[in-house]
Visitor: 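Shown below is the structure under consideration.
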Amino acid sequence: MTRILLPTDFSDNSYKAISYGVSLFKDTPCTFYLLNTYMPPVYHTEYILGSPGQIGLGDMIREESKNNLKELKEKLETEFKNPLHSFITHSAFNMLTEEVSRMTDAEKIDLVVMGTKGATGAEEILFGTNTVHTIRKSKCPVLAIPKEYNFKPPKSILFPTDYEVSYSEKKISSLLRIANKQDAKIHVMHVFTQLELDSDQNENQNTLKGILGKNGVFHEVENDEIITAINKFQEHTAVDMLVMIQNKHTFLERLFIEPTIKKIGFHVKVPFMVIPQL
């Protein structure tokens, strides 16, 4: 049974992300955890100390969260009607990233699927703050769905790599699960700045080729910045999903230390999965 965590703020954006996740795994037995976290907007000293003006506010917000989750669950069960799927709602007085981490451990979550922006996301921002913090701290893969993206089966997956990390079926199991179910091609793109791979990189490349088998297509791109290479690749090859492993060598780490991630020419218009290096 695949366990998927679906954070929601009840925005249209989060519903599209949830719909993508449910559609992507329509042929897979899944338990979906619908998560909403809330913090009272006046949560500070006077709230903690029980200011008369704030008494009962937390209860009201909690009930609203639970009621909205119940309605969301009923809507999904009616719209998708899939006997392979079950939905569990969870409302928590907590920060989103903290609750995602807690639930990942407690429920043995395999994948987090969420929208890239919150309800008030600005167009110049690539990822919303919640998405960035979730990706940075998550102990399992996070699949971020762009705001305007409509579901289509991912038949072509782009997987940029520098071969600096070791691979195992367990580490990329979420990628393999999706690719196998969708009979997708995984385009492994290596941007090289030296003449030859070193011995460790060669070993990692050969391991990855063995793991991917017939699903893998391998590309070498010379002397490009990784962002430029990703954008160029999408110009000549249809890409339905981008997948990367987060580690200290990748540009992801450089991007995610910024308080706000600008587009900076990184045109991600397809679902983007980030796999933590554990």
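The residues of the chain are indexed from 1 along the displayed sequence.
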Visitor: Could you check Thr161 against Tyr167 for side-chain hydrogen bond (donor to acceptor under 3.5 Å, both in side chains), going step by step and ending with a plain yes or no?
Guide: CA-CA 11 Å; Thr161 181; Tyr167 303 99; 2.3 Å; yes
Visitor: With sequence neighbours excluded, tell me which residues meet ring pair (Phe, Tyr, Trp, His ring centres under 6.0 Å) with His190.
Guide: Tyr163
Visitor: Evaluate the criterion side chain to side chain contact (heavy atoms under 4.5 Å, CB included) for residue pair Ile18 and Leu34; output intermediate values, then yes/no.
Guide: CA-CA 9 Å; Ile18 289 171; Leu34 302 172; 4.3 Å; yes
Visitor: Over all heavy atoms of both residues, which pair between Pro141 and Ser174 is shortest? Give the atoms and the distance, please.
Guide: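 Where Pro141 meets Ser174 most closely, the heavy atoms are CG-OG, 3.5 Å.
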Visitor: So, Asn36 versus Ser65: side-chain donor-acceptor pair below 3.5 Å or not?
Guide: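 Their side chains do contain a donor-acceptor pair, which is all the 3.5 Å distance test asks for.
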Visitor: Which distance, rounded to the nearest 0.5 Å, do you find between the OG of Ser86 and the CZ of Phe32?
Guide: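 Between Ser86 OG and Phe32 CZ, I get 8.5 Å after rounding to 0.5 Å.
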Visitor: Just do the salt bridge (Lys or Arg N to Asp or Glu O under 4.0 Å) check on Lys232 and Glu235 with the steps written out, would you?
Guide: CA-CA 5 Å; Lys232 283 183 178 179; Glu235 291 176 1; over 6 Å; no
Visitor: After noting the C-alpha distance and the side-chain angles of Ser11 and Asn13, does the key distance pass the side-chain hydrogen bond (donor to acceptor under 3.5 Å, both in side chains) rule?
Guide: CA-CA 5 Å; Ser11 64; Asn13 180 42; 4.9 Å; no
Visitor: How about Lys155: does its NZ atom have over 12 heavy atoms from other parts shown lying under 6.0 Å from it?
Guide: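 Counting other residues, nucleotides and ligands, NZ of Lys155 exceeds 12 neighbours.
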Visitor: Ignoring hydrogens, what is the shortest heavy-atom contact between Lys108 and Arg3? Give both atom names and the distance.
Guide: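 Heavy atoms of Lys108 and Arg3 come nearest at O-CD, 3.4 Å.
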Visitor: Counting neighbours of CG on Asp12 that are heavy atoms of other residues, nucleotides or ligands and sit closer than 6.0 Å, is the number greater than 12?
Guide: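 Check fails, neighbour count at 12 or below.
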Visitor: Can you find a heavy atom in the side chain of Met241 that is under 4.5 Å from one in the side chain of Val243?
Guide: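 In contact.
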Visitor: Which residues pass the ring pair (Phe, Tyr, Trp, His ring centres under 6.0 Å) test with Phe151, not counting sequence neighbours?
Guide: Tyr20
Visitor: Please walk me through it: do Gln234 and Leu242 pass side chain to side chain contact (heavy atoms under 4.5 Å, CB included)?
Guide: CA-CA 10 Å; Gln234 293 180 90; Leu242 175 65; over 6 Å; no
Visitor: Aromatic ring centroids of His187 and Phe218 under 6.0 Å?
Guide: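 Aromatic pair excluded; centres sit 6.0 Å or further apart.
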Visitor: Between Lys171 and Ser166 (side chain of the first, backbone of the second, donor and acceptor by atom type, cut-off under 3.5 Å), is there such a pair?
Guide: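 Side chain of Lys171 to backbone of Ser166: a pair is present.
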Visitor: I want to check something: taking the side chain as every heavy atom from C-beta on, are Pro271 and Tyr149 in contact at a cut-off of under 4.5 Å?
Guide: yes
Visitor: Under a single-linkage definition using a 4.5 Å side-chain heavy-atom cutoff for Ile, Leu, Val, Met, Phe, Trp and Tyr, are Ile88 and Leu111 assigned to the same hydrophobic cluster?
Guide: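 Ile88 and Leu111: one cluster.
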Visitor: How far apart are the closest heavy atoms of Val100 and Pro7, and which atoms are they?
Guide: CG2-CG, 4.5 Å
Visitor: Do Asn130 and Thr97 have side-chain heavy atoms sitting under 4.5 Å apart?
Guide: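 The answer is no, as the side chains (C-beta and beyond) never meet within the 4.5 Å cut-off.
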Visitor: Side chains of Val22 and Asn82: does their closest heavy-atom pair fall under 4.5 Å?
Guide: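 Counting from C-beta outward, Val22 and Asn82 never come under 4.5 Å.
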Visitor: For a quick test of reading the model, state the closest non-hydrogen atom pair linking Ala17 to Met114 and the distance between them.
Guide: CB-C, 3.6 Å
Visitor: Using the rule given for side chain to side chain contact (heavy atoms under 4.5 Å, CB included), can you reason through Phe25 versus Ile4, listing the C-alpha separation, both sets of side-chain angles and the distance that settles it, and then say yes or no?
Guide: CA-CA 10 Å; Phe25 292 94; Ile4 299 176; 3.4 Å; yes
Visitor: Take Ser156 and Asp240 through the side-chain hydrogen bond (donor to acceptor under 3.5 Å, both in side chains) test and state the conclusion after the steps.
Guide: CA-CA 5 Å; Ser156 178; Asp240 303 315; 5.2 Å; no
Visitor: Could you tell me which non-hydrogen atom of Asn215 sits nearest to which non-hydrogen atom of Ala179, and how far apart they are?
Guide: ND2-O, 4.1 Å
Visitor: Is Lys139 reaching over with its side chain to a backbone N or O of Ile109, donor-acceptor style, under 3.5 angstrom?
Guide: no
Visitor: Got a second to check how far Glu203's CD is from Leu208's CG, nearest 0.5 Å?
Guide: 12.5 Å
Visitor: Hydrophobic clusters here meaning ILVMFWY residues chained together by side-chain heavy-atom distances under 4.5 Å, can you tell me if Val217 and Ile172 are in one?
Guide: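 Each belongs to a different hydrophobic cluster.
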Visitor: Is any side-chain heavy atom of Val165 closer than 4.5 Å to one of Asn204?
Guide: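 In short, these two side chains do not touch, never coming nearer than 4.5 Å.
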Visitor: Does Leu143 reach the side chain of Phe272, with side-chain heavy atoms less than 4.5 Å apart?
Guide: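 Result no, sub-4.5 Å side-chain heavy-atom pair not found.
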Visitor: Rounded to the nearest 0.5 Å, how far does OH of Tyr15 lie from CG of Leu6?
Guide: 11.5 Å
Visitor: Regarding Lys26 and the six-membered ring of Phe80, is the cationic atom NZ or CZ under 6.0 Å from the ring centre and inside 45° of its axis?
Guide: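 Cation-pi check for Lys26 and Phe80: fails.
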Visitor: Per the side chain to side chain contact (heavy atoms under 4.5 Å, CB included) rule, which among Leu72, Thr8, Ile145 passes with Ser14?
Guide: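 Single pass found, and it is Thr8.
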Visitor: May I ask you to check whether His90 and Glu107 show a side-chain donor-acceptor distance below 3.5 Å?
Guide: no
Visitor: Are any side-chain N or O atoms of Gln201 and backbone N or O atoms of Asp162, one a donor and one an acceptor, separated by less than 3.5 Å?
Guide: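 Yes; judged by distance alone, with no hydrogens or angles, the pair exists.
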Visitor: Between Gln205 and Leu197, does the side chain to side chain contact (heavy atoms under 4.5 Å, CB included) criterion hold? Intermediate values first, please.
Guide: CA-CA 9 Å; Gln205 183 189 56; Leu197 299 178; 3.9 Å; yes
Visitor: Without swapping roles, check the side chain of Thr131 against the backbone of Gly115 for a donor-acceptor pair under 3.5 Å.
Guide: yes
Visitor: Going by heavy atoms in the side chains, are Glu71 and Phe10 under 4.5 Å from each other?
Guide: no
Visitor: If you measure from CG on Leu35 to CZ on Arg102, what distance do you get to the nearest 0.5 Å?
Guide: 9.0 Å
Visitor: Atom CD in Glu64, atom CG in Leu69: separation rounded to 0.5 Å?
Guide: 10.5 Å
Visitor: Looking only at heavy atoms, which two atoms of Gln246 and Ile135 are closest? And how far apart?
Guide: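 Smallest heavy-atom distance, with atoms named: OE1-O, 3.4 Å.
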Visitor: Roughly how far, to the nearest 0.5 Å, is the NZ atom of Lys181 from the OG1 atom of Thr2?
Guide: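 So the gap between those two atoms works out to 8.5 Å.
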Visitor: Are side-chain heavy atoms of Glu98 and Lys137 found at a separation under 4.5 Å?
Guide: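 Glu98 vs Lys137: side chains touch.
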